[in-house]
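Please read the structure below before turning to the comments.
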Amino acid sequence: MTEKVPYSTSNYPDKLIDQFGRQVDYIRLSITDRCDFRCTYCMAEEMTFLPREDVLSLEECARLVKVFVNLGVTKVRITGGEPLVRKNALWLFEEVGKLKKLKELVVTTNGSQLEKQAFSLKQAGVKRVNVSLDSLNSDRFKKITRTGELDKVLRGIQAAKQAGFDNIKLNTVLMRGTNDDEVQSLVDYAIDQEIDISFIEEMPLGEVNHARDSTFVSNAETLKTLQSKYSLVASTESTGGPARYWQVANSKTKIGFISPHSHNFCEACNRVRITCKGELYLCLGQEDKVDLMPLLRNHPNDDRPLIQAIIDSMSIKPKGHDFDLQRAKPAVVRFMSHTGG
Ligand code: SAM
Ligand code: SF4
């Protein structure tokens, strides 16, 4: 067996390349499993959240991000749970925002705290904000999120616009019989607000006894509906992920379609996910993971074991994933709030 040469800050590789030659330059870090909403497709009504000591501290999150950025990661998305309900989350955004080699700091939020926090997030260096919005009808919004207030989220979107982010994008999960009749009104809202919108296909994560195939709305169907109403021009933009974009002619709005069920983006996959427990998931749809928390906690002043584990993890990043609506069980029984959406 060849002896591993320990890494020091002077011989870091400056890129993370996996076994299939893909460069990982994007991390999605969940900083909490908690949330002020309980969206039906994401959480159960009664949730047991992790004890605080099992969740990475914000200092540990900052240390982890720094290590990844030194390994060539240029884009960091902070997500959750709801990242903006974590106490002092802003401190983490400020720390990450200071990293010189980082090109893009972005956040995914349900928008409930944006009215208060949008300006500070922009000041901290956040470039783009994704806001989840599944309905423009307050009763329906309440039904989907179980606890959310639509007006508060809409005010949050206005605050984000005033803060002047490079881009604001809505994320919408369409469910048949729940909000699939709002496709056009949501796009009209995005056009009016001069922001983007992405439709995410519902993923079979979480509940074991799900009836998701009856509520599932494919992006192919959504695209067809929209093409009959708007003039859409295919965009060449790609983020290395499962999104494809169309420009709405004569508007500032792009429409994205995120199709986790399709396999055709895996060969360009550039990302890994880290849960709030410090589990590094190499693929959203697979179980392959590495526990980074013990490395952070057992070596508080030495990043080398952490760096080695991250580099080694590249050899287990799978080629692709396999979601199947027809299965009795989801491919992976894991809530999005756990993995970080
Ligand atoms: N709380 C924040 C929010 O809602 O934007 C960030 C975390 S949330 C888990 C990230 C994204 O995952 C949201 O846009 C949400 O709609 C999406 N999501 C959650 N569960 C999903 C599922 N089962 N299928 C598809 N998208 C899901
Ligand atoms: Fe919370 Fe986001 Fe999950 Fe909704 S989708 S319950 S807002 S974490």
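Whatever order the structure lists ligands and atoms in, that order sets their numbers, starting from 1. We count residues from 1, following the sequence as given.
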Between the side chains of [Y] and [X], is the shortest nitrogen-to-carboxylate-oxygen separation below 4.0 Å, so that they form an ion pair?
{"X": "Arg140", "Y": "Asp181", "value": "yes"}
{"X": "Glu95", "Y": "Arg63", "value": "no"}
{"X": "Arg38", "Y": "Glu45", "value": "no"}
{"X": "Glu267", "Y": "Arg22", "value": "no"}
{"X": "Glu115", "Y": "Lys152", "value": "no"}

Taking 4.0 angstrom as the limit and counting only heavy atoms of [X], give me the atoms of ligand 1 inside it, by number and element.
{"X": "Glu202", "result": "24 (N), 25 (C)"}
{"X": "Val173", "result": "16 (O), 26 (N)"}
{"X": "Cys42", "result": "19 (C), 20 (N)"}
{"X": "Thr79", "result": "6 (C), 7 (C)"}
{"X": "Thr109", "result": "2 (C), 3 (C), 5 (O)"}

Approximate separation, where rounding is to 0.5 Å, of His299 NE2 and Leu306 CG
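Nearest 0.5 Å value for the NE2-CG distance: 9.0 Å.
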Asn171 contact mode with ligand 1 (heavy-atom cut-off under 4.0 Å)
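The part of Asn171 near ligand 1 is the side chain, not the backbone.
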Quick one: does ligand 2 sit under 4.0 Å from the side chain of Cys39, the backbone, both or neither, non-hydrogen atoms only?
both
For atom 1 (Fe) of ligand 2, does an N/O/S atom of Cys35 lie at less than 2.8 Å?
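Under 2.8 Å: Cys35 contacts atom 1 (Fe) of ligand 2 through an N, O or S atom.
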Would you indicate which of Met203, Glu82, Glu201 comes nearest to atom 2 (C) of ligand 1 when only heavy atoms are counted?
Glu82
Could you tell me if Tyr245 and Asp196 have a donor-acceptor pair between their side chains, going purely by distance under 3.5 Å?
no
Between the main-chain N or O of Leu84 and the side-chain N or O of Gln117, is there a donor-acceptor pair closer than 3.5 Å?
yes
So is Ser132 in contact with ligand 2, going by heavy-atom distances below 4.0 Å?
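In this structure, Ser132 fails to qualify as a contact of ligand 2 - no heavy atom is under 4.0 Å.
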So, does Gly81 sit close enough to ligand 1 that a heavy atom of it is under 4.0 Å from the ligand?
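Flag set, Gly81 near ligand 1.
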